[in-house]
Amino acid sequence: ATATAAADQCAPDQLALKQEGTLTVGTDKPAYPPYFEDDDPTNGKGFESAVAYAIADELELDEVKWTVVPFNASFAPGPKDFDFDINQISITSKRAERVDFSDPYYTAPQAVIALKNSPAAGAKSLADLKDAKLGVQIGTTSLDAAMESIQPSSQPQVFNDSNDTVRALKTERVDAIVVDLPTAFYLTAAVVPEAAIVGQFDAPGGDDWGVVLEKDSPLTDCVNQALADLEEDGQLQEITDEWMGGQAGAPELQ
């Protein structure tokens, strides 16, 4: 009976959507590869765009509308104008007090990027980065990961967005920046080719990403069921392999 009730709640005509018959999905702008391609979430290309459309398919929704939501606004308390937001958002207990998270759709390691001519680029271990001037983006879990795993001798510099963080690296205001590994591959390939990935390391406790929903959203269970189905039939792994492959090339920092 419980399973039947849950199925009824997740029927397309019963879903608690912001706009009837349409799944409204939020993400930030600019939307970078490998999560989105051509800064266009609507094309279905890129890891998170593909995941969002796969969830929509599982929910039997043909209409998907995208809306721009700044990273920090996605998990701020209060009503939302999206059904869910997908934007490399790490699941944390503090954020979960304000919003609902889906079950994880990806677990991301962290990475350190440095200019190729920087002494930090030669680091072989986390201890080698202890005296480096580090930079991170505000609101991300990279700060906690850097503090706990690298234990730097000076407080990392915190920047408002990804562009400011990258600019600080380019202008040598910092010796290295800490980001998630997929972003590190993109940045070093397309944005800062004069930089290299020093290495990767696991975030303490793991860095699980979930889609964000309004607190106590009736849609949360349906999204979780969609993700469970995608995982069970192998679609989620196929999407991950297609868009997030190639990560083995970054050395591990211990």
Side-chain angles (χ1 to χ4, degrees), residues 10 12 15-108 137-142 160-165 179-180 182-183 186 207-227 230 236 239-240 243-244:
C10 297
L15 291 171
L17 301 171
K18 298 296 181 181
Q19 181 178 335
E20 186 176 353
T22 298
L23 183 66
T24 303
V25 183
T27 198
D28 208 346
K29 188 174 181 65
Y32 290 116
Y35 318 114
F36 303 92
E37 295 291 316
D38 304 320
D39 194 18
D40 180 12
T42 68
N43 61 20
K45 298 179 180 179
F47 176 58
E48 292 187 319
S49 179
V51 169
Y53 280 105
I55 292 173
D57 287 343
E58 290 294 326
L59 296 175
E60 301 181 42
L61 295 171
D62 296 326
E63 297 296 325
V64 178
K65 180 177 75 174
W66 290 84
T67 185
V68 175
V69 180
F71 182 82
N72 286 336
S74 63
F75 49 82
K80 306 300 180 188
D81 59 3
F82 53 77
D83 293 312
F84 70 71
D85 186 281
I86 186 166
N87 190 23
Q88 311 110 60
I89 302 169
S90 301
I91 301 170
T92 69
S93 57
K94 185 174 182 180
R95 292 172 181 174
E97 294 173 0
R98 305 170 178 175
V99 293
D100 278 4
F101 277 102
S102 73
D103 294 333
Y105 62 89
Y106 182 70
T107 301
Q137 179 183 345
I138 192 171
T140 67
T141 55
S142 295
N160 287 329
D161 56 33
S162 178
N163 291 334
D164 287 347
T165 309
V179 296
D180 62 81
T183 297
Y186 168 68
D207 187 6
D208 292 331
W209 296 355
V211 303
V212 168
L213 304 95
E214 193 170 296
K215 188 66 176 174
D216 299 323
S217 169
L219 194 60
T220 302
D221 288 343
C222 300
V223 170
N224 281 336
Q225 185 57 57
L227 285 170
L230 290 169
L236 185 57
I239 293 170
T240 304
W243 296 106
M244 306 293 273

Neighbour count above 12 (heavy atom, 6.0 Å) for Lys215 NZ: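 Counting neighbours around NZ of Lys215, more than 12 heavy atoms of other residues, nucleotides or ligands fall under 6.0 Å, so yes.
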Any chance CG of Asn160 has more than 12 other-residue heavy atoms, nucleotides or ligands included, within less than 6.0 Å?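 Atom CG in Asn160 is not crowded, with 12 or fewer foreign heavy atoms closer than 6.0 Å.
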Has Ser49 got a side-chain atom pairing as donor or acceptor with Gly44's backbone, closer than 3.5 angstrom?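 Confirmed, Ser49 side chain pairs with Gly44 backbone.
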Does Asp40 reach the main-chain N or O of Thr42 with its side chain, forming a donor-acceptor pair under 3.5 Å?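 Yes, the answer is positive, given that a donor and an acceptor are paired below the 3.5 Å cut-off.
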Which is it for Trp209 and Phe47 under the ring pair (Phe, Tyr, Trp, His ring centres under 6.0 Å) test, yes or no, and what are the steps along the way? CA-CA 12 Å; Trp209 296 355; Phe47 176 58; 7.0 Å; no
Qualifying residue for side-chain contact (heavy atoms from CB on, under 4.5 Å) with Thr27, from Ile89, Val68, Asn87: Asn87
So Trp66 and Tyr53, would you call those rings parallel, tilted or perpendicular, with 30° and 60° as cut-offs? tilted
Between Tyr186 and Tyr32, what is the ring plane arrangement, given parallel below 30°, perpendicular above 60°, and tilted in between?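 Because their plane-to-plane angle lies in the 30° to 60° range, the rings of Tyr186 and Tyr32 count as tilted.
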Using a strict threshold of under 4.0 Å (side-chain N to carboxylate O), is an ion pair present between Asp81 and Lys18?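 No, Lys18 and Asp81 are not salt-bridged.
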Aromatic ring centroids of Tyr106 and Trp243 under 6.0 Å?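 Tyr106 vs Trp243: aromatic centres not under 6.0 Å.
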For [X] versus [Y], what's the shortest heavy-atom pair and its separation?
| X | Y | value |
| --- | --- | --- |
| Leu23 | Ala56 | CD2-CB, 3.8 Å |
| Ala16 | Asp83 | O-OD1, 4.1 Å |
| Glu60 | Pro12 | CB-CG, 3.5 Å |
| Ser74 | Val212 | O-CG1, 3.3 Å |
| Gly21 | Leu61 | O-CD2, 4.1 Å |
| Gly210 | Ile91 | N-CG1, 3.6 Å |

Close side-chain approach of Phe84 and Ile55, heavy atoms under 4.5 Å: yes
Taking the side chain as every heavy atom from C-beta outward, state whether Lys80 and Asp85 have any pair of such atoms under 4.5 Å apart. no
Test side chain to side chain contact (heavy atoms under 4.5 Å, CB included) on Asp39 and Lys29 and set out the steps. CA-CA 8 Å; Asp39 194 18; Lys29 188 174 181 65; 3.0 Å; yes
Are a donor atom and an acceptor atom from the side chains of Tyr105 and Glu48 found within less than 3.5 Å of each other? yes
Measure the [atom1]-[atom2] distance between [X] and [Y] for me, rounded to the nearest 0.5 Å.
| X | Y | atom1 | atom2 | value |
| --- | --- | --- | --- | --- |
| Thr92 | Asp207 | OG1 | CG | 10.0 Å |
| Cys10 | Leu15 | SG | CG | 6.5 Å |
| Lys65 | Leu17 | NZ | CG | 11.0 Å |
| Gln88 | Asp180 | CD | CG | 6.0 Å |
| Tyr35 | Met244 | OH | CE | 5.0 Å |
| Ser217 | Phe82 | OG | CZ | 9.5 Å |

List in chain and number order the residues that pass side chain to side chain donor-acceptor pair (under 3.5 Å) with Ser142, two or more places apart in sequence or in another chain; answer none if no residue qualifies. Gln110
Which pairs count as side-chain hydrogen bond (donor to acceptor under 3.5 Å, both in side chains) when at least one residue sits in residues 95-104, sequence neighbours excluded?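 For residues 95-104, and leaving out neighbouring residues, the side-chain hydrogen bond (donor to acceptor under 3.5 Å, both in side chains) pairs sorted by first residue read Asp100-Thr220.
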